[in-house]
Colleague: 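Before I ask anything, let me first share the structure, which is written out below as structure tokens.
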There are 2 protein chains.
Amino acid sequence: MISKKTKYAINALVYLAKKPLQQPILISEIAEHEHIPQKFLEAILLNLKKDGILASKKGKGGGYFLLKSPNDVNMADVMRLFDGPIALLPCVTYKYYQKCEECTDEDSCGIRSVFLEVRNHTVELLKKATLAEIIKRGESVH
Amino acid sequence: MISKKTKYAINALVYLAKKPLQQPILISEIAEHEHIPQKFLEAILLNLKKDGILASKKGKGGGYFLLKSPNDVNMADVMRLFDGPIALLPCVTYKYYQKCEECTDEDSCGIRSVFLEVRNHTVELLKKATLAEIIKRGESVH
DNA sequence: TATTAGTCTATTAATTCAATAGACTTTGTA
DNA sequence: TACAAAGTCTATTGAATTAATAGACTAATA
């Protein structure tokens with residue numbers, strides 16, 4: 001299961017992606033519309049800003065808006081930002097790799113082989129799942 | 001990431017699946033060989049027994065052994081037993097379903113659509129990953 | 001210059017995960 | 001038949017992570 005943080009982040013991003021380009025949206029508006037505790041959301045949006053996905057404007061008339069194109073923001077990146085690795089085992093992650101204590105030879109580990117396959121498929125699907133794709137699916141499916 | 005409990009369970013199961021049929025193996029032997037805290041392992045094996053995957057024999061000469069065929073024990077079942085749902089969102093699980101508060105229509109939710117796809121692919125792969133398959137992969141890959 | 005709105009740091013509450021302790025029951029065998 | 005081996009069961013504890021909150025600070029606009 002993804003954390004609430006990630007879930008909130010995705011909801012907020014989709015919400016922003018549906019708004020006109022560069023138009024600052026109040027944190028409070030997002031929080032209310034998406035049922036997210038405002039203070040919690042503030043931290044999330046700040047993370048997304050640090051990562052270059054969002055930008056913000058301070059003061060009156062300020063708020064957050066999408067900096068990257070909806071085509072360039074995918075679920076794999078968002079999940080990694082908040083929850084860390086997508087892989088189910090430490091020995092099949094790229095950035096957070098950790099060897100199994102009891103493992104003598106990874107290349108001949110059947111368990112690793114299975115979970116590597118799962119990871120690769122999952123990452124592939126999540127990379128394709130951009131904000132643009134999510135919005136498109138929401139419109140087309142009925 | 002799967003929990004250590006699940007990881008330990010898988011390691012123990014693979015270990016047992018490599019042993020002769022019906023031969024009771026000591027908890028202590030598994031614990032030592034797989035680097036698992038013995039008391040922790042006891043609880044895990046008990047769960048696997050309650051679920052009908054393992055059987056045990058008490059007293060001297062006792063221990064645990066595989067009850068189901070290695071072909072009938074898959075990673076999806078084991079993961080669900082210890083970690084719960086495989087899905088990444090509560091609204092795409094079968095047994096642990098929970099509606100999203102802010103969601104008005106699931107069928108038109110692009111987010112749900114993406115994560116449903118991920119879940120289905122993952123479950124499919126994990127169902128194919130039986131103990132027999134894992135052992136086979138461990139032998140063939142070099 | 002007052003008000004609005006994002007920024008930052010710290011703290012707390014709640015939950016889950018991992019591990020441990022110890023008493024109890026069953027069973028084989030000397 | 002008594003002892004020792006080995007699994008069973010319940011409870012508890014400690015650690016880590018997740019979720020949420022509080023409040024002071026900074027920047028920008030009218």
Colleague: Could you state whether A:Ile135 and B:Phe115 fall into the same hydrophobic cluster, counting links through intermediate Ile, Leu, Val, Met, Phe, Trp or Tyr residues with side-chain heavy atoms under 4.5 angstrom apart?
Modeller: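 Yes.
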Colleague: Using a 4.0 Å heavy-atom cut-off, write out nucleotides 20-30 of chain C from 5' to 3' as B (base contacted by protein), S (sugar-phosphate only) or - (no contact).
Modeller: BBB--BBBS--
Colleague: Treat each ILVMFWY residue as a node, draw an edge where side-chain heavy atoms are under 4.5 Å apart, and state whether B:Val14 and A:Leu116 are in one component.
Modeller: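 Linked within one cluster.
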Colleague: On a heavy-atom basis, which atom in A:Thr130 and which in A:Pro70 lie closest, and how many Å separate them?
Modeller: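 A:Thr130 and A:Pro70 have their closest heavy atoms at CB-O, 3.4 Å.
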Colleague: Enumerate the residues from residues 9-33 of chain B whose closest heavy atom to DNA chain D is under 4.0 Å, giving them by residue number; use none for an empty result.
Modeller: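 Heavy-atom cutoff 4.0 Å gives B:Ile25, B:Leu26, B:Ile27.
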Colleague: Rounded to the nearest Å, what distance is computed from the CG atom of residue B:Leu45 to the P atom of nucleotide D:dG7?
Modeller: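 Those two atoms, CG and P, are 9 Å apart.
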Colleague: Under the side chain to side chain donor-acceptor pair (under 3.5 Å) definition, can you give me all pairs with a residue in residues 73-100 of chain A, not counting sequence neighbours?
Modeller: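 Qualifying pairs, neighbours excluded: A:Ser3-A:Asp83, A:Thr6-A:Asp83, A:Asn74-A:Asp77, A:Tyr97-A:Glu106.
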Colleague: Specify the separation, in whole Å, of atom CG of B:Leu48 and atom P of D:dC9.
Modeller: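 Rounding to the nearest Å, CG of B:Leu48 and P of D:dC9 are 14 Å apart.
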Colleague: Test of understanding: with salt bridge (Lys or Arg N to Asp or Glu O under 4.0 Å), list the residues that count as partners of B:Lys39, not counting sequence neighbours.
Modeller: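 In terms of salt bridge (Lys or Arg N to Asp or Glu O under 4.0 Å), with neighbours along the sequence ignored, B:Lys39 is linked to B:Glu42.
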Colleague: In whole angstrom, what separates A:Ile44's CD1 from D:dT21's P?
Modeller: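 It works out to 12 Å between those atoms.
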Colleague: Measure from CG on A:Leu46 to P on C:dA5 and round the result to the nearest Å.
Modeller: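 Rounded to the whole Å, the gap is 17 Å.
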Colleague: Per the side chain to side chain donor-acceptor pair (under 3.5 Å) rule, what does the pair list look like for residues 115-125 of chain A, sequence neighbours excluded?
Modeller: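 Applying side chain to side chain donor-acceptor pair (under 3.5 Å) to every pair that reaches into residues 115-125 of chain A, excluding sequence neighbours, yields A:Glu117-B:Arg137.
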Colleague: Any link between B:Ile36 and B:Leu81 through a network of hydrophobic side chains (Ile, Leu, Val, Met, Phe, Trp, Tyr) touching at under 4.5 Å?
Modeller: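 Both belong to a single hydrophobic cluster.
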Colleague: Rounding to a whole Å, what distance do you find between B:Asn47:CG and C:dA19:C1'?
Modeller: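 About 15 Å, once rounded to whole Å.
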Colleague: Could you state the NZ-C1' distance from B:Lys49 to D:dA6, rounded to the nearest angstrom?
Modeller: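 About 12 Å, once rounded to whole Å.
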Colleague: What are the two closest heavy atoms between B:Cys91 and B:Arg112, and how far apart are they?
Modeller: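 Looking at all heavy atoms of both residues, the shortest contact is O-NE, 2.9 Å.
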Colleague: State whether B:Tyr8 places a side-chain N or O below 4.0 Å from either non-bridging phosphate oxygen (OP1 or OP2) of C:dA18.
Modeller: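 The answer is no; no side-chain N or O of B:Tyr8 sits under 4.0 Å from OP1 or OP2.
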Colleague: Taking atom C1' of C:dA19 as reference, at what distance in whole Å does atom NE2 of B:His35 sit?
Modeller: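 That distance rounds to 17 Å.
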Colleague: Quick one: what's the B/S/- string for nucleotides 11-17 of chain C, heavy-atom cutoff under 4.0 Å, read 5' to 3'?
Modeller: -------
Colleague: If you look at every heavy atom in A:Pro24 and A:Gln22, which pair is closest and at what distance?
Modeller: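 Shortest heavy-atom contact: CD-O, 3.2 Å.
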Colleague: Taking NZ from B:Lys7 and C1' from C:dA19, how many angstroms apart are they, rounded to a whole number?
Modeller: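 That distance rounds to 17 Å.
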Colleague: Could you state whether A:Val78 and A:Tyr15 fall into the same hydrophobic cluster, counting links through intermediate Ile, Leu, Val, Met, Phe, Trp or Tyr residues with side-chain heavy atoms under 4.5 angstrom apart?
Modeller: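 Yes; A:Tyr15 is reachable from A:Val78 via cluster members.
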Colleague: Which heavy atom of B:Leu67 sits nearest to which heavy atom of B:Gly52, and what is that distance?
Modeller: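 Looks like CD2-O, 3.8 Å.
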